[in-house]
Amino acid sequence: MSNLPFVDLKAQYARLKEEIDAGIQRVLDHGRFIMGPEVAELEAALCDFAGCKHAIACASGTDALSMALLADDIGPGDAVFLPAFTFTASAEVVLLAGASPVFVDVDGRSFNIDVDHLRKQIEATAGEGQLRPRAIIAVDLFGLPADHAAIAEAAAEHGLLVISDAAQSFGGRIGEARVGTHGPVTTTSFFPAKPLGCYGDGGAVFTDDDARADVLRSIRAHGKGAGKYDIVRIGINGRLDTIQAAVLLPKLAVFESELEARERLADHYDARLASAVTTPRREAGKSSAWAQYSILLDDRDAVQGALAEAGVPSAIYYPMPMHLQPAYAAHGRGVGSLPISEGLSKRILSLPMHPYMDEATADRICDTLLAAVGTA
Ligand SMILES: *Cc1c(COP(=O)(O)O)cnc(C)c1O
């Protein structure tokens with residue numbers, strides 16, 4: 001049988017081809033490739049969608065995180081707490097800013113930061129007296145919003161900033177509150193395979209704070225002040241290309257229907273798979289953006305091999321937690337120090353997840369997986 005796509009961007013393009021092609025053509029015609037009118041239009045549409053006051057479009061989810069750290073002058077001597085079970089970008093930006101990452105373990109079922117362990121790590125760091133606890137990067141892994149109420153409480157006790165890394169969760173909700181409003185500053189990514197993706201790199205920062213938004217806009221453009229050549233702080237070249245904004249506008253217009261389709265696929269997977277493997281945790285009142293549908297299983301590697309043989313792609317996010325990566329080892333405590341993250345990296349497997357999968361294909365994936373689990 002033919003190989004299935006892990007994420008079907010071609011099906012989405014077939015649906016939106018007319019609008020996307022016309023949008024790109026408009027940019028080619030007006031020629032304002034940097035900060036053209038589509039960027040402001042996208043920022044307004046993102047604010048409407050998320051229900052927040054400011055959306056600052058930028059060049060990637062990684063730049064969005066860097067901008068959020070720079071905006072609060074987080075740097076040398078500062079400790080930034082973040083989950084070990086995440087993508088490298090969440091950690092690298094801390095070191096690029098000159099600050100120090102302190103890795104925190106995650107909850108074994110939600111895959112998000114374990115707030116009890118977060119408190120312990122904050123108290124231990126404060127007690128050691130080497131680093132000043134400054135910020136928490138709370139990652140909404142696989143699209144499920146983290147426990148932002150408990151994180152905010154822990155942050156308030158210690159006077160820390162919460163940066164919400166929503167690279168995977170834009171479109172998710174806690175109650176009626178959309179991702180983008182769960183803390184003082186939220187970042188997301190428009191990398192092509194994220195729930196809302198462009199055709200290259202892109203990202204955004206969300207905030208309701210006018211002063212922070214001004215600083216973020218300045219940082220995005222080399223730290224400029226009121227005049228183009230007034231440089232009032234250190235910034236980056238962090239702008240989103242106008243062409244990418246033109247690609248995102250029609251995609252955002254259908255995003256809600258895509259989120260519903262992702263939810264239906266997750267429900268279907270749950271119904272077929274829950275008796276054989278550990279399916280993702282659902283949390284009351286929360287909606288995931290379903291960037292990934294990730295299951296836990298023993299014999300993960302054998303099952304993944306059997307899936308591949310049957311043309312069913314799968315992915316391991318993430319095969320190694322950050323505290324064990326060579327680049328970050330000096331900031332961690334080695335094997336055994338964050339046991340939940342270490343265990344997950346051996347048992348996690350993500351299945352194809354996108355809004356354009358029909359039920360027959362979903363069933364083919366489930367049949368193949370159930371057979372593989374049975375024989376693994
Ligand atoms: C993708 C991702 C990023 C980085 O986004 P880019 O747009 O690829 O720079 C940051 N954090 C997490 C959790 C991600 O999944």
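For the numbers below, each heavy atom of this structure counts, side chains included, while hydrogens, waters and symmetry mates do not. In each ligand, atom 1 is the first atom listed, and ligand 1 is the first ligand listed.
- A donor and an acceptor atom, one from each side chain of Ser66 and Asp63, are nowhere located under 3.5 Å apart.
- Under a 4.0 Å criterion applied to the non-hydrogen atoms of Val139, ligand 1 contributes the atoms 13 (C).
- Of the protein's heavy atoms, Thr62 OG1, 2.5 Å lies nearest to atom 9 (O) of ligand 1.
- Summarising the contacts of atom 15 (O) of ligand 1 with Glu92, Gln292, Gln168, the nearest heavy atom is found in Gln168.
- Residue Leu65 has no N or O atom closer than 3.5 Å to an N or O atom of ligand 1.
- What sits closest to atom 14 (C) of ligand 1 on the protein, heavy atoms only, is Lys194 NZ, 3.0 Å.
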Practice task
Take Glu43 and Arg220, measure what salt bridge (Lys or Arg N to Asp or Glu O under 4.0 Å) needs, and give me the verdict at the end.
Solution key: CA-CA 14 Å; Glu43 289 178 336; Arg220 174 174 67 179; 2.8 Å; yes
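- When only modelled atom types and interatomic distance are considered, Glu258 and Tyr356 share a side-chain donor-acceptor pair under 3.5 Å.
- Nearest protein heavy-atom neighbour of atom 11 (N) of ligand 1: Asp165 OD2, 2.8 Å.
- When hydrophobic clusters are built by joining Ile, Leu, Val, Met, Phe, Trp and Tyr residues whose side-chain heavy atoms come closer than 4.5 Å, directly or via intermediates, Val254 is not grouped with Phe49.
- Those atoms of ligand 1 that come under 4.0 Å of a heavy atom in Gly202, given as number and element, are 7 (O).
- Residues Thr188 and Ala167 approach most closely at OG1-CA, 3.7 Å, considering heavy atoms.
- Closest heavy-atom approach to atom 5 (O) of ligand 1 within the set Gly197, Ser189, Gly200: this belongs to Ser189.
- For the pair Gly203 and ligand 1, no heavy-atom separation below 4.0 Å is found.
- Heavy-atom contacts of Ala167 reach the following atoms of ligand 1: 2 (C), 3 (C), 10 (C), 11 (N), 12 (C), 14 (C), 15 (O) (cutoff under 4.0 Å).
- Test Asp140, Thr181, Thr186 against His148 for side-chain hydrogen bond (donor to acceptor under 3.5 Å, both in side chains) and you get one pass: Asp140.
- Contact atoms of ligand 1 toward Ser90: 11 (N), 13 (C) (distance under 4.0 Å to a heavy atom of the residue).
- Within ligand 1, the atoms closer than 4.0 Å to a non-hydrogen atom of Thr86 are 13 (C), numbered from 1 in the order shown.
- Ion pairing between Asp267 and Arg282 holds under the 4.0 Å rule for side-chain N and carboxylate O.
- Contacts of Ser60 with ligand 1, taken as heavy-atom pairs under 4.0 Å, involve both backbone and side chain.
- Phe191 meets the ring pair (Phe, Tyr, Trp, His ring centres under 6.0 Å) test with no other residue; sequence neighbours excluded.
- Shown are Val104, Leu82, Asp105; of these, the side chain to side chain contact (heavy atoms under 4.5 Å, CB included) with Leu118 is made only by Val104.
- Contact annotation for Leu141 and ligand 1: no heavy atom of the residue comes within less than 4.0 Å of the ligand.
- When only modelled atom types and interatomic distance are considered, Asp214 and His54 share no side-chain donor-acceptor pair under 3.5 Å.
- The shortest separation from a heavy atom of Ala291 to ligand 1 is not under 4.0 Å, leaving the residue out of contact.
- Of all atoms in ligand 1, numbered sequentially from 1 with element shown, those under 4.0 Å from a heavy atom of Ala89 are 3 (C), 4 (C), 10 (C).
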